[in-house]
Amino acid sequence: MDYNFTKIEKKWQKYWDENQTFKVDTDNTKPKYYVLDMFPYPSGAGLHVGHPLGYIASDIYSRFKRLCGFNVLHPMGYDAFGLPAEQYAIQTGQHPAITTNENIRRYRNQLNKIGFSYDWDREVKTCDPGYYKWTQWTFIRMFKHWYNNKTNKAEPIGDLIKIFEKEGNKNVDAASSDVKTFSAEEWNSMSEKQQQEILLCYRLAYLADTMVNWCPALGTVLANDEVKDGVSLRGGHPVEQKQMRQWLLRVTAYAERLLEGLEKLEWSDSLKEIQRNWIGRSEGASIRFGILPSEGKEKIDEKIEVFTTRPDTIFGATYMVLAPEHPLVDKVTTAEYKDAVSDYVQETGKKTERERLAEAKSISGQFTGAYARHPFSEDPLPIWISDYVLAGYGTGAIMAVPAHDSRDYDFAKHFDLPIKEVISGGDISEGSYDSLEGKVINSDFLNGMPVRKAIETVIKEFEKKGTGEGKVNYRLRDAIFSRQRYWGEPFPVYYKDDMPYVLEENKLPLVLPEVDAYLPTEKGEPPLARAKNWVTEDGHPLELSTMPGFAGSSAYYIRYMDPHNENKLVSEEANRYWKNVDLYIGGTEHATGHLIYSRFWNKFLYDTGVVCMEEPFNKLINQGMIQGRSNFVYRIKNSNKFVSYNLKDKHDVTPIHVDVNIVQNDILDIEAFRKWNPEYEDAEFITEDDGKYHCGYAIEKMSKSMYNVVTPDDIIDQYGADTLRMYEMFLGPLEHAKPWDTNGIDGVHKFFRKVWKLFHDEKGRFSLSSEKPSPEELKILNKTIKKVRDDIERFSFNTSVSAFMICVNQLSSLKCNKSKILEDLLIILSPFAPHIAEELWEMCGKKESIANAAYPEYNPEYIKDDEIKYPITFNGKMKLTLEFPADMEPSEIEESVLNDENVKKHIGEKKVRKVIVVPNKIVNIVI
RNA sequence: GCGGAUGUGGCGUAAUUGGUAGCCGCGCCAGACUUAGGAUCUGGUGCCUCACGGCGUGGGGGUUCGAGUCCCUCCAUCCGCACCA
């Protein structure tokens, strides 16, 4: 009987499904292990061969852990809300739920064919009301909490109100928006609306007017991680800055904990570094500058607050710069400069984010006519506006120190502003001196101090005078949480007297309503404004925005622990058992989005006692991208003639992508090519000496337009799922990006046929022997057990595949068909190739699934070598090998080596200066 | 510009602790079987050289009995951030 992978794989996939082999429950008699894949967004294009790479790795690990006696949670689901389905709905009028469900069905189908050990009972879909109920629930909880910097955790807003009633907010240290100080009396005499307005400044989910990334083409606001190089990540549409009233999550409250938490995580250094950069912690000082009265203007009480990492250079500040969007711009500008300033503000406001980035190098700015007062010298400092100061970072204002900041230097040179050196060590006629090395000069009480000492000293001085204090600033910004779109979670929010209130928890889920079109209304309101009766029972209007993509993915790993619980996000029992994710596998593209948001989300749930672990993902591995390998044919210009790769330079040619499925080992199937496109039906070909047409190749992104897409379905049809799984692992280290080349797959497929053959005689009959294994056979098996186990534990799956090949090659040449050897081999092979392992396991007479077997222990006794083959090197170069007993003394080895005829030949006339014998390793003779 | 990673045969890669560089597979070459081969099996295959031998892990330098591995320096590629005050 042949190795009929199609039949075998269908059979076992059905078996696992019918027998619920991979269904798991909490089981206190076994240790738990939680293996998670980043769940996919089910796109219309389906899976290509690159997508399942991480899923295969995690499946191997899950099955391995299971064989080792762990109770393994290994679920899968879908990130089902999102823009592509909605864009498609706009084009076709079809409800996005229909498209999404079709895509999900297709994904599920594709995934099933690969033979994953998922517990499909726990499947979640973020667009399912039973699921997003808990996304809405968590939002309500965030609305009802504030962040107390004193206790360093989220606390109920009710506790905050009690403090306000008793003593106002002067003793409250909270992560909050800008809010004025008020007393208990003031609080108690406020209207409900005023109180609500103040509470919004404290809530962890809050409504505020902020500058947002507005994408006109998508008709929605985007978060920072959804914008790259001034265009939307999805679709590449231009993004502009716009002031809008939006929901935000106060992620910044957790900035320090998000940063500290990284230390304990087993994530790659590069990923941690990306997160550290994104959080962007910098230490410095917050300094307030008074504003000098200008002629013909009323006195301005407000101060310009700046953040600087170099307060030591305070005496070098020669001017101030506000971002054009800064709220004080209008107030400080004098009559004389009014027009010039408003022109400048308008001009920069018109630019999209992209234009602003493109013009980053060109210097522009405008003087306002006003002056600030230097906190120590009291010198007047001219106040400028310029777009080199960003509204969104720090306070949107800076003190400019041209002598020691290159941007300020360029600006000062351009507008001929004074440059004052205050740190020695540079040459300010050449450029700014930004280094921390040097002593402070020209700086009154700071003179002579090294930089670090000066920073410390000046901060104390500011604090004494009340004009500033030490401060830690973060680049991380609060996450904008509103999207003016249809296909997302509705906010459980209604408005009363223009103030937002959240729904009672028992009203959840607030189900996404039907609309007549998925477009904004004529008034420019979001699509939900089209819904009939989009109001509460009492007639209060409901929020029209929906939540962003990251909402649903921020806690899905928690929901998997207890997916059918209707009363809780997760039961205490399930959460205490499964705790958090032990191994998380997914792409780096989520480094600054999902992986920050879900850490924030999880910390909030931890603070409020919903989950027991502070970090969601202990170990994280980023699988590398699988790239496409494109093939080219070369058409001679203005003809329908194609010239083979090695002859192409003799002609003027245009390279054209050709479908990789009609090319094998870079040889074009000419007939298939003619049929591929009617245009080429009559094409002529200039072939090479071998009569073949050779194609060129390039490594590119796998995409339809490059004709290099390979789907798992095609591979499975031709070679089977076990071959696909094994080959994906064989390609190289999991983390590396590497090209997919179907041509190499034969080697892996041959391997499986060899495995099959080990269990069958020449006539193809199943045949095993119950004889006692030989020492050689035991050595081969035990070496493989050890190697494969070690490799899996360090996620080096590619090397375990070659270990299997070596093992099977060796057993084949020994014609080993002993069940004592082959049964263990099947167990260790089963995580990689579960279908063939199950089939042969059953043929061995086993009644239960191999998934329930126990991983074999290797016996070191079988691996020991009695004789060691010593490489004999001369000055480190290997020339020959000699065998000696493993326990032979180094001095005896040295003597025997030097007496060996071949060694003597190599030494010749030269003198032996030294002999190094490393026991069981090597001999080196220095001559 | 800053930060991170990676550079080994024609290709994907291996060498876990400083100890035989190139395991395993693809491709290629030769042979066997065959009416046939996109089947199977056997052998070979880093480069230069008829050979003896020499050279080889991006380049240069260093430490060491011994370096793909450690140190210095330069180069290339990829990824992230980028007026972040």
Side-chain angles (χ1 to χ4, degrees), chain A residues 228-229 268-278 280-282 284 306-310 313 321 356-357 359-361 363 386-390 392-401 404-408 410-411 434 473-476 588-589 591-592 622 624-625 629 664-667 669 697 699 727 730-733 735-751 753 757 787 790-791 793-794 796 798-807 809 869-881 913-918 920-927:
Chain A
K228 213 195 149 194
D229 299 329
S268 72
D269 288 340
S270 70
L271 193 73
K272 286 187 191 179
E273 204 52 35
I274 290 172
Q275 290 221 338
R276 281 190 200 107
N277 285 340
W278 191 259
R281 183 185 200 273
S282 48
V306 305
F307 174 76
T308 175
T309 53
R310 295 294 302 273
T313 61
V321 187
R356 234 171 123 153
L357 283 170
E359 289 167 24
K361 289 279 170 300
I363 295 163
S386 171
D387 63 3
Y388 89 88
V389 173
L390 304 176
Y393 184 75
T395 60
I398 60 153
M399 65 172 204
V401 184
H404 306 289
D405 181 290
S406 58
R407 293 152 304 170
D408 297 343
D410 295 343
F411 191 84
D434 301 8
N473 197 50
Y474 299 92
R475 198 190 78 113
L476 184 74
T588 356
E589 65 271 22
T592 52
N622 291 119
M625 255 227 304
R629 187 180 186 280
Q664 190 152 37
N665 286 324
D666 295 336
I667 304 295
D669 178 340
Y697 76 91
I699 306 304
Y727 185 55
F730 186 59
L731 284 177
E735 295 94 327
H736 283 195
K738 58 235 160 196
W740 177 272
D741 184 1
T742 306
N743 289 314
I745 205 169
D746 269 346
V748 170
H749 193 63
K750 270 186 215 160
F751 162 80
R753 285 208 298 264
K757 264 195 188 161
K787 169 82 176 147
D790 290 352
D791 283 351
E793 264 156 13
R794 60 195 178 98
S796 174
N798 54 325
T799 51
S800 35
V801 177
S802 50
F804 280 123
M805 289 177 170
I806 293 165
C807 171
N809 286 347
K869 211 182 198 181
Y870 279 90
I872 312 300
T873 65
F874 295 83
N875 293 338
K877 297 259 174 218
M878 210 276 287
K879 295 294 173 189
L880 59 135
T881 57
R913 301 225 303 261
K914 201 176 185 183
V915 178
I916 288 140
V917 178
V918 184
N920 291 315
K921 279 254 165 82
I922 201 165
V923 178
N924 190 21
I925 299 166
V926 186
I927 50 176

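Below, chains carry the letters A, B, ... as their sequence lines are ordered, and counting in each starts from 1.
Contact annotation for A:Asp741: no contact, since no heavy-atom pair falls under 4.0 Å across all strands. Nucleic acid contact for A:Ile916: base, since at least one base atom lies under 4.0 Å from a heavy atom of the residue. Using a 4.0 Å heavy-atom cutoff across all strands shown, A:Asn798 reaches sugar-phosphate atoms only and no base atom. If you check every strand for non-hydrogen atoms under 4.0 Å, A:Lys787 touches a base. Among the protein residues, A:Val926 comes within range of the sugar-phosphate backbone only, with heavy atoms under 4.0 Å from sugar or phosphate atoms but none that close to a base. If you check every strand for non-hydrogen atoms under 4.0 Å, A:Lys879 touches sugar and phosphate atoms only. Counting any heavy atom pair closer than 4.0 Å across all strands shown, A:Arg794 reaches a base atom. Using a 4.0 Å heavy-atom cutoff across all strands shown, A:Val389 reaches at least one base atom of the nucleic acid. A:Ile398 comes within 4.0 angstrom of a nucleotide base, judged by non-hydrogen atoms across all strands. Among the heavy atoms of the strands lying under 4.0 Å from A:Asn924 is at least one base atom, whether or not backbone atoms are also near. Contacts of A:Ile806 with the nucleic acid, taken as non-hydrogen atoms under 4.0 Å apart, involve only primed sugar atoms and P, OP1 or OP2.
Residue A:Gln275 contributes atom CD, which lies 15 Å from atom P of B:rG80 at whole-angstrom precision. For the pair A:Trp278 CH2 and B:rG3 C1', the interatomic distance rounds to 15 Å; values are reported in whole Å. Between A:Asp410 atom CG and B:rA82 atom P there is a gap of 20 Å when expressed in whole angstrom units. Rounding to whole angstrom units, CD of residue A:Glu735 and C1' of B:rU6 are separated by 13 Å. Distance CG (A:Asn277) to C1' (B:rC79): 12 Å, rounded to an integer number of Å. One can place CG of A:Asp269 at 9 Å from P of B:rG4, the figure rounded to the nearest angstrom. A straight line from CZ of A:Arg276 to P of B:rG80 spans 19 Å, rounded to a whole angstrom. Rounded to a whole Å, the CZ atom of A:Arg475 is 10 Å from the C1' atom of B:rG80.
Counting only heavy atoms from C-beta outward, the side chains of A:Ile398 and A:Thr308 never approach each other to under 4.5 Å. At least one side-chain heavy atom of A:Val926 sits less than 4.5 Å from a side-chain heavy atom of A:Asn875. No side-chain heavy atom of A:Asp269 sits less than 4.5 Å from a side-chain heavy atom of A:Glu273. Side chains of A:Val923 and A:Pro871 form no contact here, defined as non-hydrogen atoms less than 4.5 Å apart.
The glycosidic torsion of B:rG9 lies within 90° of 0, which places this base in the syn conformation.
Annotation: of the two residues near RNA chain B, A:Thr308 and A:Asn665, the 5′-most nearest-nucleotide partner is A:Asn665. Each of A:Arg629 and A:Thr881 was assigned the nucleotide of RNA chain B with the nearest heavy atom; the assignment lying further toward the 5' end belongs to A:Arg629.
Helical stems involving RNA chain B, defined as 3 or more consecutive Watson-Crick or G-U pairs under 3.5 Å, span B:1-7 with B:75-81, B:10-12 with B:24-26, B:27-32 with B:40-45, B:46-48 with B:53-55, B:58-62 with B:70-74.
Remark: the separation of the P atoms in B:rG10 and B:rA82 is 40 Å, to the nearest Å. Straight-line distance between the C1' atoms of B:rC47 and B:rG9: roughly 9 Å, to the nearest whole Å. Of the P atoms belonging to B:rU6 and B:rU17, the separation is 14 Å, rounded to the nearest Å. If you take atom C1' in B:rC28 and the same atom in B:rG12, they sit 16 Å apart, rounded to whole Å. Spacing between B:rG25 and B:rC71 at atom C1', rounded to whole Å, works out to 36 Å. The C1' atoms of B:rU49 and B:rU64 are separated by 32 Å, rounded to the nearest whole Å. B:rU42 and B:rG19 are spaced 34 Å apart, taking the P atom of each and rounding to whole Å. B:rC83 and B:rA15 have their P atoms separated by 41 Å, with the value rounded to a whole Å.
For the pair A:Asp741 (side chain) and A:Gly744 (backbone), a donor-acceptor distance under 3.5 Å is absent. Without hydrogens or angle criteria, A:Asn924 side chain to A:Ile916 main chain gives no donor-acceptor distance under 3.5 Å. Using modelled atom types, one side-chain atom of A:Lys738 and one backbone atom of A:His736 make a donor-acceptor pair closer than 3.5 Å.
Taking CG from A:Asn743 and CG from A:Asp666, the interatomic distance works out to 7.0 Å, rounded to the nearest 0.5 Å. Taken from CZ in A:Phe751 to CD1 in A:Ile745, the straight-line distance is 13.5 Å, to the nearest 0.5 Å.
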How far apart are the C-alpha atoms of A:Thr799 and A:Asp791, what are their side-chain angles, what is the distance that settles it, and do they pass the side chain to side chain donor-acceptor pair (under 3.5 Å) test? CA-CA 7 Å; A:Thr799 51; A:Asp791 283 351; 2.9 Å; yes
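By the 30° and 60° cut-offs, the orientation of the rings of A:Phe411 relative to A:Tyr388 is tilted.
Look at A:Arg794 and A:Asp790 and you find no salt bridge, because none of the NZ, NE, NH1 or NH2 atoms lies under 4.0 Å from a carboxylate O.
Side-chain atoms of A:Ser270 lie closest to B:rG4 of the nucleotides B:rC11, B:rG4, B:rA14. Between B:rA14, B:rA85, B:rG25, one nucleotide has an atom nearer to the side chain of A:Thr309 than all others, and that is B:rA85. For A:Ser802, taking side-chain heavy atoms from C-beta onward, the closest of the listed nucleotides B:rC24, B:rA15, B:rU20 is B:rC24. Distance from the side chain of A:Phe730 is smallest to B:rG25 among B:rC26, B:rA85, B:rG25. Each of B:rG12, B:rA85, B:rA15 was ranked by its minimum atom distance to the side chain of A:Asp405; first place goes to B:rA85.
Between A:Asn875 and B:rC65, a side-chain N or O to OP1/OP2 separation shorter than 4.0 Å is absent.
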Can you check nucleotides 38-40 of chain B for protein contacts, nitrogen or oxygen pairs under 3.5 Å, and list what you find?
| unit_1 | atom_1 | unit_2 | atom_2 | d |
| --- | --- | --- | --- | --- |
| B:rG38 | N3 | A:Gln664 | OE1 | 3.4 |
| B:rU40 | OP1 | A:Arg753 | NH2 | 2.3 |

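Between A:Trp740 and A:Tyr727, a ring centre-to-centre spacing shorter than 6.0 Å is recorded.
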